[in-house]
Amino acid sequence: MHRPPGHEGGRRVDLHAHTIFSDGLLTPEEVVARARARGLMAIAITDHDSVDGIERARAAAGTALEVVPGIEISTLWDGLDLHILGFFLDGDDPVLRSRLTRFRDERVRRAQEIAERLEALGVPVDVGDVLERATPGVVGRPHLADALIRAGHVESLDEAFRRFLGARGEAFVPRPAFHPEEAIALIHAAGGVSVLAHPGTHVGDSTVERLAGHGLRGIEVWHPQHGPALVRRYRALAQRLGLLSTGGSDFHGPGRSLDLGDLPVPAGVLAHLKQAAGVSG
Ligand code: AMP
Ligand code: FE
Ligand code: FE
Ligand code: ZN
């Protein structure tokens, strides 16, 4: 039996999970119940571009499980797709909430624009249905890909992105602008700690250095997309730049990639994160 990275005394922590408030399959209550059943000590709710699932998760957890309030903001930097995690932020912060509402509205308009292009290309989808199915989450290209499959225009997600929705696809519309610097500042202003999500192979060290110069506080080191070599690389980079290391399963639902707690992080990671956020306990 392989020993998960950083497993310490059975107190498992998972700092990356999605709910129906973005593209996860489970409600916040279901995620909490699953985390408890799987013996976790703490989870972070990190929905894409939304903080709407946090309160429900915290209410469901009570004192049985620690729920770290979080977010994963979809940013773009020179065409580079960078996801910025925020931990321990105040989900009621009015500036944060209004920026997220604007982003969500812009995403709806973008989905409509993509749908117009698909119609012109002879592969129409029902955009009203797309938006309804995305509710209460944030609409994105995966929802349009599902609609293309349902309408029988493509056979797979891969084909939908390759032919229509990907950066070289015929109906491509870039995501509305959200600069990583703005995301970092917004998270910070809402009392949170910003962390670069799963940099993987496509982000260079110089990019991380520049983000650190803009106030980034950490790197997501442990992630399903990171093999041992990338974990070593980002651990070393975090150490060199004086950044925190975090990690998690990026749970989206049962049967989708890893399950909750399957990529646990050392308990010390949560303690350091709390210290950085000025949270006690
Ligand atoms: P959006 O935020 O609307 O631009 O959609 C981005 C999401 O689309 C990503 O988080 C992925 O889940 C998904 N995605 C992007 N490219 C692909 C691809 N080539 N195949 C499948 N899913 C993709
Ligand atoms: Fe996702
Ligand atoms: Fe992500
Ligand atoms: Zn994620």
Side-chain angles (χ1 to χ4, degrees), residues 14-26 31 43-51 53 68 70-77 79-87 100 103-115 117-118 125 127 130-131 133-134 137-149 154-178 180 183 194-203 218-226 230 246-253 256-260 262-263 265:
D14 189 333
L15 295 175
H16 195 149
H18 296 269
T19 76
I20 53 164
F21 285 96
S22 61
D23 56 348
L25 299 175
L26 302 186
V31 170
I43 58 168
I45 298 292
T46 55
D47 275 311
H48 299 288
D49 313 311
S50 171
V51 289
V68 176
I71 191 168
E72 180 175 18
I73 302 182
S74 318
T75 77
L76 284 173
W77 196 7
L80 194 62
D81 206 334
L82 299 176
H83 292 182
I84 309 286
L85 292 159
F87 296 107
L100 294 176
F103 195 38
R104 188 175 310 202
D105 293 346
E106 289 167 350
R107 273 178 168 285
V108 168
R109 283 199 291 279
R110 174 207 191 204
Q112 287 162 337
E113 209 178 310
I114 293 174
R117 293 189 187 205
L118 291 173
V125 298
V127 73
V130 167
L131 295 176
R133 284 171 187 260
V138 177
V139 70
R141 288 178 290 165
H143 299 105
L144 288 146
D146 287 341
L148 282 166
I149 295 171
V154 298
E155 288 190 349
S156 67
L157 209 67
D158 265 4
E159 188 188 348
F161 274 88
R162 189 168 37 77
R163 288 177 59 195
F164 300 112
L165 304 172
R168 294 199 198 95
E170 287 185 277
F172 177 68
V173 177
R175 210 163 45 220
F178 208 132
S194 58
V195 172
L196 177 64
H198 51 70
T201 51
H202 70 296
V203 177
I219 303 174
E220 187 177 45
V221 170
W222 298 278
H223 186 273
Q225 287 167 17
H226 291 179
L230 282 177
T246 73
S249 65
D250 209 346
F251 178 69
H252 280 77
R256 285 229 221 140
S257 184
L258 292 193
D259 209 325
L260 279 172
D262 276 350
L263 203 73
V265 300

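All values reported here derive from a predicted model rather than from experimental measurement. Both counts, for ligands and for their atoms, begin at 1 and track the order of listing.
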**Message:** I need the contact type for Arg175 against ligand 1. Using non-hydrogen atoms and a strict under-4.0 Å cut-off, is it side chain, backbone, both or neither?
**Reply:** side chain
**Complete:** Looking at His18, the N/O/S atom that lies nearest to the Zn ion (ligand 4) is called NE2
**Asked** Which heavy atom in Ala197 sits nearest to a heavy atom in Glu72, and how many Å separate them?
**Response** CB-OE2, 3.7 Å
**Asked** What protein heavy atom sits nearest atom 23 (C) of ligand 1, and how far off is it?
**Response** Phe161 CZ, 3.3 Å
**Asked** Do Asp81 and Arg175 come close enough that some side-chain heavy atom pair is under 4.5 Å?
**Response** yes
**Fill in**
The atom name of the N, O or S atom in His16 nearest to the Zn ion (ligand 4) is NE2
**Request:** Could you grab the distance from atom CD1 of Ile114 to atom NE2 of His143, nearest 0.5 Å is fine?
**Result:** 12.0 Å
**Asked** How about Ser74 and Asp49: does a side-chain donor come under 3.5 Å of a side-chain acceptor?
**Response** yes
**Asked** Tell me, which N, O or S atom in Glu72 is closest to the Zn ion (ligand 4)?
**Response** OE1
**Asked** Can you find a protein heavy atom closer to atom 11 (C) of ligand 1 than 4.0 Å?
**Response** no
**Fill in**
A student checking ligand 1 against Gly140 at a 4.0 Å heavy-atom cut-off should list atoms 3 (O)
**Message:** For atom 9 (C) of ligand 1, what's the nearest protein heavy-atom neighbour? Residue, atom name and distance, please.
**Reply:** Pro142 CG, 4.9 Å
**Tally of protein N, O or S atoms, where distance to the Fe ion (ligand 3) is under 2.8 Å** = 3
**Request:** Pick whichever of His83, His48, Arg107 has a heavy atom sitting closest to atom 2 (O) of ligand 1.
**Result:** Arg107
**Item:** Residue among Ile219, Leu82, Val221 satisfying side chain to side chain contact (heavy atoms under 4.5 Å, CB included) with Pro199
**Value:** Ile219
**Asked** Is there a donor-acceptor pair closer than 3.5 Å between any side-chain N or O of Asp14 and the backbone N or O of Leu260?
**Response** no
**Selection from Arg110, Glu72, His143 by shortest heavy-atom distance to atom 1 (P) of ligand 1** = Arg110
**Message:** Using ring centroids (six-membered ring only for Trp), state whether His198 and His226 fall under 6.0 Å.
**Reply:** no
**Request:** Using the six-membered ring of Phe103, assess whether NZ or CZ of Arg107 lies under 6.0 Å from its centre and within 45 degrees of the ring axis.
**Result:** yes
**Prompt:** Do the side chains of Leu157 and Asp146 get nearer than 4.5 Å, heavy atoms only?
**Reply:** yes
**Asked** For the Zn ion (ligand 4), which N, O or S atom of Asp250 is at the shortest distance?
**Response** OD1
**Asked** Do any N/O/S atoms of His48 come under 2.8 Å of the Zn ion (ligand 4)?
**Response** no
**Asked** Quick check: does His252 put an N/O/S atom under 2.8 Å from the Zn ion (ligand 4)?
**Response** no
**Asked** Can you tell me the protein heavy atom closest to atom 6 (C) of ligand 1 and the distance?
**Response** Arg141 NH2, 3.7 Å
**Complete:** Between Ala44 and Phe87, the two heavy atoms sitting closest are CB-CE2, 3.7 Å
**Asked** If we only count heavy atoms from C-beta on, is the Thr201 to Leu230 side-chain gap below 4.5 Å?
**Response** yes
**Prompt:** Charged N to carboxylate O under 4.0 angstrom, Glu113 versus Arg117?
**Reply:** yes
